Amino acid sequence: MADKKKPRLAVWKFASCDGCQLSLLDCEDELLAVAGAIDIAYFPEATRGEISGRYDVSLVEGSVTNAHDAERIKEVRKRSNVLITIGACATAGGIQALKNFADVKEYIPVVYAHPEYIHTLATSTPISDHVKVDFELRGCPISKKQLVELVSAFVAGRKPVTPPHSVCIDCKLRGNVCVMVAHGAPCIGPVTHTGCDALCPSFNRGCFGCFGPKETPNTKALSGQLAELGMDSKAIKRIYSTFNVNAEAFREESKRHG
Amino acid sequence: MASKTIKVDYLARVEGEGAFKVVVRDGTVRKAELRIFEPPRFFEAFLRGRSYMEASDITARICGICPVAYQMCAVHSMEKILGIKVDDALRELRRLLYCGEWIESHVLHVYMLHAPDFLGYDSAIHMAKDHGDLVRTALRLKKIGNDIMTMVGGREIHPINVKVGGFYKVPSKRDLQSMVENLKWARDAAIDMVRFVAKLDFPDNERDYEFVSLRHDKEYPLNEGRVVSSKGIDIPVEEYDQHFKETHVEHSTALQSHIVGRGPYFVGPLARYSLNFDKLTPTAQQVAREAGLGKTCSNPFRSIIVRSVETVYAVEEALRIIGSYEQPEKPFIAAEPRAGVGCAATEAPRGLIYHRYEIAADGSIVHARIVPPTAQNQPTIEKDLTSFVADWLDLPDVELQHRCEQAIRNYDPCISCSCHFLKLDIDRA
C-alpha cells in the first residue's frame, strides 16, 4: 500500500500529565501495527519528525488553562478533519479544574514566589468548551483497549465501540463482591462511566471516578447511600471532586455538598 | 562569528512542554535557557483540604510516566506522620512496583526517546524500519516493566493499589511467580541493551557535578535512604529543606533548585550510579565495567548506558523480590490520622523526588510541597548547555539546533513533572 494513502494522525498536548498519550506508546503489542496502518504526522513526545499540512485525525490530550492554549486549540481544529479528545483533562478539565471552584489568585502564591511571571486563566476547561469535538475518550488515564479500538475503528471508517454503562455493571460481570455492601467502602461505581473493567473494586477498594459520570447518573441517590456509610458532606463532596470534577453531573453533585 | 539566536520552539521526545533558547553575542554564549512553559496546574494549592488518604492518587496525576514516584513519596510522608513503618513483604512489594516503573521508564527513554538521536532517526517508529528486532525487543522489555506495574499496582499509568499503610490488595506468590519466565528473558535483554548502547559514539564531556541521591546501607536506593552528595552532604531527609532551596525564575513554570551556599546540583541515574555503584548487583557492576564505565560517570552523554545498567539492576531486583516473596497476612497496616508534619524522598527514574506534608488532626492536608527531579536539574542543564554550545558555534544552525535537542535529551527531562517544559531558541543577533 502506498504510504500517501494512509491516514495522518497528530497527537497534541495541553495541560496534562502526558499519561494518556503515553498510553499510545504503552500499546507495546500494537504500536508497530498502528504505525504501519497510519502516518504519525505530529507526535512530539515520540518523534521530532513532522509532516506539515492537514491531519485526518487529531488526538488531543489535556485541558485549556491559559490564553495561549485557548487560541492554539482553534488552530488544531482548523487543521484536523476529525478531532478526538483523550482522557479526563481534555474531556472534562482534569484534576486541575479544581481551580475553577477556588480563587486562582490565591492559588498562584501558594506555589510560585513571583505570581507576576505566571499567566493562567481562572479556569481549566475541556476542549469541547472551545471547539467542536468529534469523539471523546474518557478516563484518567484512558484505557489502552479503548484507544486501540478507537484507532482501529478510525482506520476501518466505523464508529468506535465504547459502551456508556456504569462501572457497577462491569463489577457484576466480573463477579466481584460489592465493596460497598460487603465492606462499607465508599464507591462511586454506580454513577461512573465504564472503561476500567471495574479495576478498583477488583482490588478491594471503591471506585473513585476516573472515567467520569455515566449516562443519566443518579448521583443524588448514591450520595444518600454514602451518607449512610457515615461519610460527612465534606467527604462526599471530595469523592466527586477529583479528575472529573468539572464534568456536569459530578460538578453539580459536588456543589450540593457545600 | 557574529551574534545569533537559536531556538527550538517545542522540544520533541521529551515528556511535557518546553523550549530552549541560546543567546550568542560576538561569538560568545551569553545565556542558555531551558524554558518550561508547561501550564501550571497548582497541585500544592488544591491538595489543601484533601484527605491524607488522597495524596497518593492525586499527586500521581502530576506525571503519567513516573506516577509511582509520586505515590511512594506521598504514602511514606503520611506514614511518618501516622507513626507507622511499612516493612517486610509490604516494603518489598513497594520496591517491586518501583522496579516496574524504572524498567518501563528507562526502556522508554533509552530506546524510544534517546537512541534515535545516536542512530540518526526521528523516532523509534522510523528506527523500526531498519532496526525491527531492536525496537521489538525494546517494546517487549518495556512491557515487562508495565506488567509489574499492572500486577502490583493495578494498571501501568496511575496505579490504584497504593495505600497509606501498604496496599488495598496484595498479590499471591503464584501471581508473582507468573512473571518469572518473562523477567529471566528481560535480564538477558537488558544486558544486551547495555552492550548495544555501549557501542554508540559519545563525545568526551566530563562535567564537575555535585551529585545528589539517596543512599541506603543495604540496597541500591529506591524508597529509602539518607540524602547524600558527592561533595559531602549526608543528611536525613528531614533536613532536606535546610540544604536545598527553590527559586522562581521568569522563563520557567518549574521552580529551580540550588544547594544552599553552593549552587546547582544534579540528580538522576548518573548521580545514583556514581554514589551507589557498590550497591548494584554483581551482574550490573560487571556489565557496567564491560561497557567501559568506571565506578562513577559524569558524562551526561553516557547516561544512556547508565540507564541501561539500572534496567539490569531493576530486573534482577524484581527477580530477587519475587523469589523470596511470601504473601503477607494483611495488605496494609491500619492507623488513625493525627496532626503532624512528614516528609519523604524516593528515587524516581529521573532522580530524587521530595514531598513534605502537614496534616490536621482530622487527616486533612494543611500544607503540601513537592520537589520533582527535573526542577532540581534545570540549573545544571542550563549550565551544561552553555558550555556545550560554545564548542558547537561553528555548526550550521540546523545542526546546532539538533545537537542542542540531543544534549537536552541526555537529561531525560520530565517537563509535566517539573512544572508541575521544551522550545529551542538560539539568539546570535
Side-chain angles (χ1 to χ4, degrees), chain A residues 13-23 25-26 28-29 31-32 35 40 43-50 62-63 65-66 68-69 94-96 98-99 102 104 106-108 110-114 116-118 120 124 140-141 144 196 199-200 202-205 208 210 234-235 238 242-243, chain B residues 10-17 38-46 48 50-51 54 57-58 61-65 67 104 108 112-113 116 122-126 128 132 135-136 139-140 142-143 146 154-158 160-161 163 167-169 247-250 253 255 331 402 405 416 420:
Chain A
K13 178 183 154 62
F14 289 80
S16 66
C17 79
D18 274 52
C20 289
Q21 53 177 313
L22 178 67
S23 296
L25 298 177
D26 273 354
E28 291 95 355
D29 294 335
L31 184 64
L32 294 180
I40 297 181
F43 186 7
E45 179 160 302
T47 178
R48 67 187 304 268
E50 188 178 336
S63 67
T65 62
N66 60 35
H68 174 256
D69 280 355
I95 184 87
Q96 57 272 21
L98 283 167
K99 74 175 181 178
V104 76
E106 188 271 332
Y107 265 25
I108 298 172
V110 174
V111 184
Y112 295 103
H114 293 281
E116 70 275 17
Y117 297 164
I118 299 297
T120 188
S124 168
C140 183
K144 281 201 308 193
C196 63
L199 183 63
C200 286
S202 309
F203 275 76
N204 300 331
R205 77 177 285 194
F208 56 106
C210 298
K234 206 171 152 188
R238 276 201 302 246
T242 59
F243 325 109
Chain B
Y10 197 117
L11 275 165
R13 300 207 316 272
V14 298
E15 200 267 344
E17 292 184 297
E38 177 84 21
R41 293 192 289 146
F42 304 105
F43 276 84
E44 289 97 330
F46 62 65
R48 296 170 305 165
R50 306 297 303 207
S51 161
E54 292 181 294
D57 291 322
I58 291 177
R61 267 68 183 181
I62 292 173
C63 179
I65 300 186
E104 160 268 314
L108 174 77
M112 314 290 287
L113 309 184
D122 281 347
S123 75
I125 293 161
H126 296 89
V135 174
R136 276 187 289 274
L139 287 168
R140 184 174 168 196
K142 180 167 160 305
K143 188 177 179 201
N146 276 334
R155 63 184 171 199
E156 51 282 75
I157 299 171
H158 305 330
I160 52 87
N161 195 25
K163 174 179 180 162
F167 293 92
Y168 288 91
K169 184 184 176 183
T247 51
H248 184 196
V249 295
E250 188 163 9
T253 49
L255 301 173
H402 196 184
E405 283 184 55
S416 296
H420 340 219

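Heavy atoms only: backbone and side chains are in, while hydrogens, waters and symmetry mates are out. This one's a predicted model, so the numbers in the text were calculated from it and none came from an experiment. Letters A, B, ... are given to chains in the order of the sequence lines, protein chains preceding strands, and every chain is numbered from 1.
Using bins of under 30°, 30° to 60° and over 60° for the plane-to-plane angle, the ring pair A:Tyr107/B:Phe42 lands in the tilted bin.
Most heavy-atom pairs under 4.5 Å with chain A, from the set B:Glu104, B:Arg140, B:Arg50: that is B:Arg50. Heavy-atom pairs under 4.5 Å with chain B were tallied for A:Gln96, A:Glu28, A:Lys99; the largest tally goes to A:Glu28. Between chain A and the options B:Lys169, B:Arg155, B:Arg61, heavy-atom pairs under 4.5 Å are most frequent for B:Arg61.
Residues A:Thr65 and B:Arg41 are not in side-chain contact: their nearest non-hydrogen atoms beyond the backbone lie 4.5 Å or more apart. Within the 4.5 Å cutoff, side-chain heavy atoms of B:Leu108 are placed close to those of A:Leu25. Side-chain contact between A:Cys17 and B:His158: present, with at least one pair of heavy atoms (C-beta onward) separated by less than 4.5 Å. At a threshold of 4.5 Å between non-hydrogen side-chain atoms, the residues B:Asp57 and A:Thr242 do not count as touching. Residues B:Pro116 and A:Arg48 are not in side-chain contact: their nearest non-hydrogen atoms beyond the backbone lie 4.5 Å or more apart.
Looking at B:Arg48, the atoms closer than 4.5 Å to chain A (heavy atoms on both sides) all sit in the side chain, from C-beta outward. Contacts between A:Cys140 and chain B at a heavy-atom distance below 4.5 Å involve backbone atoms as well as side-chain atoms. For A:Leu98, the part sitting under 4.5 Å from any heavy atom of chain B is the side chain, from C-beta outward, and nothing else. Heavy atoms of A:Asn66 lying under 4.5 Å from chain B belong exclusively to its side chain. Both the backbone and the side chain of A:Ile108 come within contact range of chain B, each with at least one heavy atom under 4.5 Å from a heavy atom of that chain. Looking at A:Ser124, there are no atoms closer than 4.5 Å to chain B (heavy atoms on both sides), in backbone or side chain.
Of the inter-residue distances, the one linking B:Ile125 atom CD1 with A:Ile40 atom CD1 reads 3.5 Å to the nearest 0.5 angstrom. A:Asp18 CG to B:Ile62 CD1: the interatomic distance, rounded to the nearest 0.5 Å, is 13.0 Å.
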message = Does A:Leu31 form a side-chain contact (heavy atoms from CB on, under 4.5 Å) with B:Lys142? I'd like the steps, not just the answer.
response = CA-CA 12 Å; A:Leu31 184 64; B:Lys142 180 167 160 305; over 6 Å; no
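Under a 3.5 Å cut-off, the side chain of B:Lys143 and the backbone N or O of A:Asp29 do not form any donor-acceptor pair. Put simply, the side chain of B:Lys163 never gets that close to the backbone of A:Arg205: no donor and acceptor are under 3.5 Å apart.
Partners of A:Arg238 according to the salt bridge (charged side-chain N to carboxylate O under 4.0 Å, His left out) rule, which considers only residues two or more places apart in sequence or in another chain, are B:Glu54.
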